[in-house]
Protein chains: 2
Amino acid sequence: MTVHIPTGVMVSENPPTGRAPSIRDVARLAGVSHQTVSRVLNAHPSIRESTKLRVQQVIDDLQYRPNSAARALVKGQSRTIGVLSAMSAEYGPASSIAAIQDAAREAGYFVNTANISRGEPSSIQAAVDHLMDQSVEGIVVIAPQVRVIEAIEKLSIAVPYVTLQSTGVADKHALSVDQIAGARLATRHLIDLGHRNIYHLAGPQDWIEAEARMRGFLEEMGANDVPTTAPILGDWTAGFGYHAGRELLRVRDFTAIFSSNDQMALGLMHAIRDAGLDIPRDVSIVGFDDIPEAAHFWPPLTTVRQDFAELGRRCIALLLANITGGANEASSSPLIPELVVRSSTAPPAW
Amino acid sequence: MTVHIPTGVMVSENPPTGRAPSIRDVARLAGVSHQTVSRVLNAHPSIRESTKLRVQQVIDDLQYRPNSAARALVKGQSRTIGVLSAMSAEYGPASSIAAIQDAAREAGYFVNTANISRGEPSSIQAAVDHLMDQSVEGIVVIAPQVRVIEAIEKLSIAVPYVTLQSTGVADKHALSVDQIAGARLATRHLIDLGHRNIYHLAGPQDWIEAEARMRGFLEEMGANDVPTTAPILGDWTAGFGYHAGRELLRVRDFTAIFSSNDQMALGLMHAIRDAGLDIPRDVSIVGFDDIPEAAHFWPPLTTVRQDFAELGRRCIALLLANITGGANEASSSPLIPELVVRSSTAPPAW
DNA sequence: CGTTGGAATGTGCACGGTCACAATTGCGAC
DNA sequence: GTCGCAATTGTGACCGTGCACATTCCAACG
């Protein structure tokens, strides 16, 4: 169907079906050049108000949407950032990812996530390749396993990257969250209560944050001249916590355990109760993360709260600062975890 | 720096820095046309083996990567699918998302996730817009709230979409996971144990899966002629479970509760224990989802297991079938949840 | 030895935006 | 009335890849 327009131009009212309207379709209907439309879209200052309105009207009528592929092609940038993540089904990573997505969207960026199923190098490689294929402008590494970082650095990646959950040292790659301080808080709490025989159930050693929490534990123990035993290396799961608990109970030379995360703490408590012992009377337990369920564990878990959402937001701020070369105010104030005391800790009975 | 090549062509050894090598750079160095390079990349059948090898060599040398924006532009498809998700920090959604990403990557697709922070319509609109801006080829809706579905349909979206966690009816939009059957399984278990006074703690009513589980509960109760009380409407969180538990205990006219998910079940158990009652002696509890922690709750929770990962995989299979117009074998065999009996259920004491 | 036809390769344009630059318009000052 | 300058708008090329079509190559056949 065609209609006659007063200007004397024959115009097809419905543009050829099957193809989304382009900037030129809009231009034709608005009676301007395609460049003017582009200017309206990009809020160019020198556009007459009346022109702008007219173009905007056509845009709305046609439900025109800029083609991001075309824009990416000509500008040479994809407006996409990549997220490299392991164990993304866990509460911590998942919360951060959600916050990252929100923050990125806010800034007009798209987020593309690639999971690292296992620690296998090939899997890491595949994930990084996937992101690079999309020509992401930056990468967020959520599961900062040492080997992942190494793989990325070895790739001499052309794009900036940021790792979440670091050791508290703020450089241009790492977010300054003081995991060590958090671990010291937890350890100090146990020491203050009078515990002297404290075990530490650590996370996988190739995780930077696991290593940081362990270091915090050892530092605080050392600072208070409390002798330590070697930490037990776990895998973050409640199942492992349970098995570790059963093993530990065969010795039973401790009055408290500091677990590297809440899930393992849950498993630990399960094993301890199975053995007929009481928490916190016989054993005190401290976790890490403060997942939403921790307040309803039995007993409610004393733990260290991390603000994963804030973490995600800062992460994007830092990355975007790297990308655009702008200043980075985000890392200026380090994020300090907070001790949440509930009912799983008490002075030792002996 | 330039070098003289035997063929008599002057070639710049290092292509102009600052720009990634293009298909033409490869072509020039390999002494073929850009189209031949394109054919190698797309595994065109009519390419001489020797030519293919030569081109491949240059590609490796240059570390050439096809520009996905250019490809998307000319082919008119982005090879990207969008995920619309709410509460993506929860175990269920997060697991599915991870599986979706893996499956999509396997199929050569990118995944772009947009979160719906609250139920606000504007938030939904913004999320959908964001995905459409990226010109996704399909959408997976993870948080199947009624209003989200409505919003999407109202948009008369030009792309196919699939919703996760449906009522068991397999149509072209919904994955056939029988939530109703799962809920009946849980309810039946309680009835079989001898319970006759059973409450149901449901999820938010605008969630399709919450509604399906509630329906399953009511159906099974009706089928066994057990009188029912009105379900309590919750918000999926452990905190709500706790408060609901405290309220319910003021009446205490029940011997069992079927909770719509494991988190609320946890809060429920917390409240019940706080009141000095024993689980399962005084009250039996059944959850839904079987999150990894459920096995280590106190007591270990009887629940209904959902295979979220398989769900994610099938979801992509269905969506890709919709996109390519191919056959869909995925939905042929509906996914049936499985009852996992642990220690939170027992025959009623009275 | 010319013809034929399929395999292998090349040519030019299109995709939908943006950029650099050119052209036109508008308006106050001379 | 016209000149100058800034504001506004238009023109054409280009980004990297795939498609349609044209061309070349080469072996088999009559």
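Letters A, B, ... are given to chains in the order of the sequence lines, protein chains preceding strands, and every chain is numbered from 1. Values reported hereafter were calculated over all heavy atoms of this structure, with side chains retained and with hydrogens, waters and symmetry mates removed.
Nucleotide dG16(D) holds its P atom 17 Å from the CG atom of Asn42(B), rounded to whole Å. Per the geometry, CD belonging to Glu49(A) stands 11 Å off P belonging to dT9(D), to the nearest Å. Atom CZ in Arg79(A) sits roughly 15 Å away from atom C1' in dG17(C) (whole-Å rounding). In this structure, Lys75(A) atom NZ and dC19(C) atom C1' are separated by 10 Å, rounded to whole Å. Distance, Ile59(B) CD1 to dG16(D) C1': 14 Å, rounded to whole Å. One atom, CZ of Arg19(A), and another, P of dG16(C), lie 5 Å apart when rounded to the nearest Å. Look at CG on Leu41(A): it is 11 Å from C1' on dT18(C), rounded to the nearest Å. If you take CD of Gln35(B) and P of dA22(D), they are 15 Å apart, rounded to a whole angstrom.
Note on His44(B): nothing from the nucleic acid sits closer than 4.0 angstrom, heavy atoms only.
Ion pairing of Asp102(A) with Arg313(A) is absent here, as no side-chain N (NZ or NE/NH1/NH2) approaches a carboxylate O to less than 4.0 Å.
Taking the side chain of Arg48(A) as heavy atoms from C-beta on, and the options dT9(D), dC19(D), dG16(D), the nearest nucleotide is dT9(D). Relative to the side chain of Val74(B), the nucleotides dG16(C), dG10(D), dC15(C) differ in distance, and dC15(C) lies closest. Listed nucleotides dG17(C), dT17(D), dG16(C) differ in distance to Leu73(B); the shortest reach to its side chain belongs to dG16(C).
Evaluation of atom-type donor-acceptor distances gives no pair under 3.5 Å for the side chain of Arg24(B) against the base of dG16(D). Residue Arg39(A) places a side-chain atom within donor-acceptor reach of the base of dG10(D), judged by atom type and a 3.5 Å distance cut-off alone.
A sub-4.0 Å separation between OP1 or OP2 of dG16(C) and a side-chain N or O of Arg71(A) is absent. A sub-4.0 Å separation between OP1 or OP2 of dT9(D) and a side-chain N or O of Thr51(A) is present. OP1 or OP2 of dG18(D) sits under 4.0 Å from a side-chain N or O of Ser38(B). Here Ser46(A) does not reach the OP1 or OP2 of dA7(D): none of its side-chain N or O atoms lies under 4.0 Å away.
Atom CD of Gln77(B) sits in a crowded spot, with more than 12 heavy atoms from other residues, nucleotides or ligands closer than 6.0 Å.
Asn67(A) places a side-chain N or O within 3.5 Å of a backbone atom of Ala69(A) that can act as its donor or acceptor partner.
Comparing Ser33(A) and Ala70(A) against DNA chain D, the residue whose closest nucleotide sits nearer the 5' end is Ser33(A).
One side chain, Ser88(B) or Asn115(B), offers a donor N or O that lies under 3.5 Å from an acceptor on the other.
Residues Gln101(A) and Arg105(A) form no side-chain contact, since every pair of their non-hydrogen atoms from C-beta on lies 4.5 Å or further apart.
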